[in-house]
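Only heavy atoms go into these numbers, but all of them, side chains included; no hydrogens, no water, no symmetry mates. Reminder, nothing fancy here: chain letters follow the sequence lines and each chain counts from 1.
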Amino acid sequence: MVKTRLIPVLYIKNGLIVRSEDFVNHKIIGNIINEAERYNQWNVDELIYIDISRDDSYDLRRDDLKVDSYNSIDEVIKRISKVCFMPLAFGGKIRTLEEIDTRIKNGADKVTLNTGAFLNRSLIKEASKKYGSQCIIISIDYKVVDKDPIVFIENGTKSTGITIFDWIKECEQLGAGEIFLNSIDRDGKANGYDVENIKKAVQSTKLPVIACGGAGDFYDFVDLAEETNVSAIAAGNIFHFTEASYPRAKKLLKKNKINVR
Amino acid sequence: MIGIIDYGMGNLASVKNAFDYLGILSQIVDDPDDLKNFDKAILPGVGAFGRAMENLKQNHYDEAILDFTQSAKKPFLGICLGMQLLLDSSMEHGKHDGLGLVQGTVYDFNDVIKDSPIQHVGWNSISKNSSSPILNQLDDGESFYFVHRFYCMLNTIEEVSTLTDYEISFHSTLQKDNIFATQFHPEKSQKAGLSIFKEFAKL
């Protein structure tokens, strides 16, 4: 049977890999390509890159103005896909079918859509029709408000008022292929996954669910895998600060009889 | 020289990158008339079956592929959707005819899967059914990266190289004479995947 994936999530801000906390604070971790090579050596299952550059002048059509860093996400994708032979998903700031086209063309296997999909639902439909559902991950940022997990858009700043369950259902109908659930409350907090809502989300859909947000140690991975049927366990910060973190995490999962690669 | 067929369905860069990394010469083919100039060819694929067939037909790749595989009998490798397109037909969003080079049908996991997500996404293992040279370097049970909702079932079991379980057992690789195919993505399956490209290049 298919194995539970363990996926590092890397945040790109203005051409660099950063650490994320509360969706607001970002510490620079390192060079994108060096990080990619490190993960490749660790034989990771998959990588998800999210572009969180919020500088309004960051515009793919104005590359000529920003020559000193990786001046477009497409350049980043191109470079990474030359050294990494694992599934690569790219997200952040995608609003149009053309932006999906260029990411795929440069070597992305999947794209993650968030605000762009929420504000323009036909984007999910069109993109999945063109590239197949498997290509389209819907990334959902949520906060628990009065006990309900509510979808937030615009980098977690704006409440939509609808629950993750309703939005997941709609995404499924529109042709999405996977759901990436990210708890804003737990982003960078290292206090464990939101098992309760993740479990409900997995049960509510026939789409694979990737859960992210809150991993403090590798036992949180084990707990999540044991208590829910998530297709993939995702984490960001935890992989940055400990030596050989990824292979050690896999080892612990195996020891606890989780079906991982 | 290996030709990678570009019929407007993405994913070419990853396949090309893998061959570049291995130091094996390959080139993107964007004109069906050029296909005959290559020793081997790859039909990659990300996308929807119906649209892919439309694209192949509109560009007359269907005829070029027929010549390449049936008249010239050169090694040909389909990947993912490229495997499914080789079969007679697919049930993806209504019934569509495929290239019909291998007898079989593409079905929807949604009609048979009960407890798992309808997309088969992730790393899963293969079990060998009949030997195929492109799988030479691989152990039974090796894991590969799959991402698909529709799966192949061949009519002739001897043409099935490996099987994979996802609640049901489906055909994950095939060989019919000079035609090879994998449902998983060798270019995304790290060492195990790259070994398939190496063996294919040796044919």
With a 4.5 Å limit on heavy-atom distance, are the side chains of A:Phe218 and A:Arg248 in contact? yes

Check: A:Val202 and A:Leu207 side chains under 4.5 Å, non-hydrogen atoms: no

In terms of heavy-atom pairs under 4.5 Å with chain A, which of B:Ile118, B:Asp165, B:Val121, B:Val147 leads? B:Val121

Do the side chains of B:Glu167 and B:Lys114 get close enough for a salt bridge, i.e. N-O under 4.0 angstrom? no

Does A:Asp74 come within less than 4.0 Å of A:Lys78, counting only side-chain N to carboxylate O? no

Counting only heavy atoms closer than 4.5 Å, note whether [X] contacts chain A via side chain, backbone, both or neither.
X	answer
B:Thr164	neither
B:Leu194	side chain
B:Ser189	backbone
B:Tyr166	both
B:His120	side chain

Establish, for the pair B:Arg51 and B:Phe49, whether the NZ or CZ atom is under 6.0 angstrom from the six-membered ring centre and no further than 45 degrees off its axis. no

Is [X] in contact with chain B via its backbone, its side chain, both, or neither, using a 4.5 Å heavy-atom distance?
X	value
A:Asn229	neither
A:Ser231	side chain
A:Lys129	backbone

In terms of the angle between their ring planes, are A:Tyr193 and A:Phe221 parallel, tilted or perpendicular, with boundaries placed at 30° and 60°? tilted

Aromatic ring pairing B:Tyr151/B:Tyr107, orientation class (parallel under 30°, perpendicular over 60°, tilted between): tilted

Among A:Lys3, A:Glu46, A:Lys110, single out the residue with the greatest number of heavy-atom pairs under 4.5 Å to chain B. A:Lys3

Let's test your reading of the structure: which of A:Ala232, A:Ser128, A:Gly107 forms the most heavy-atom pairs below 4.5 Å with chain B? A:Gly107

Is the centre of the B:Phe109 ring less than 6.0 Å from the centre of the B:Phe150 ring? no

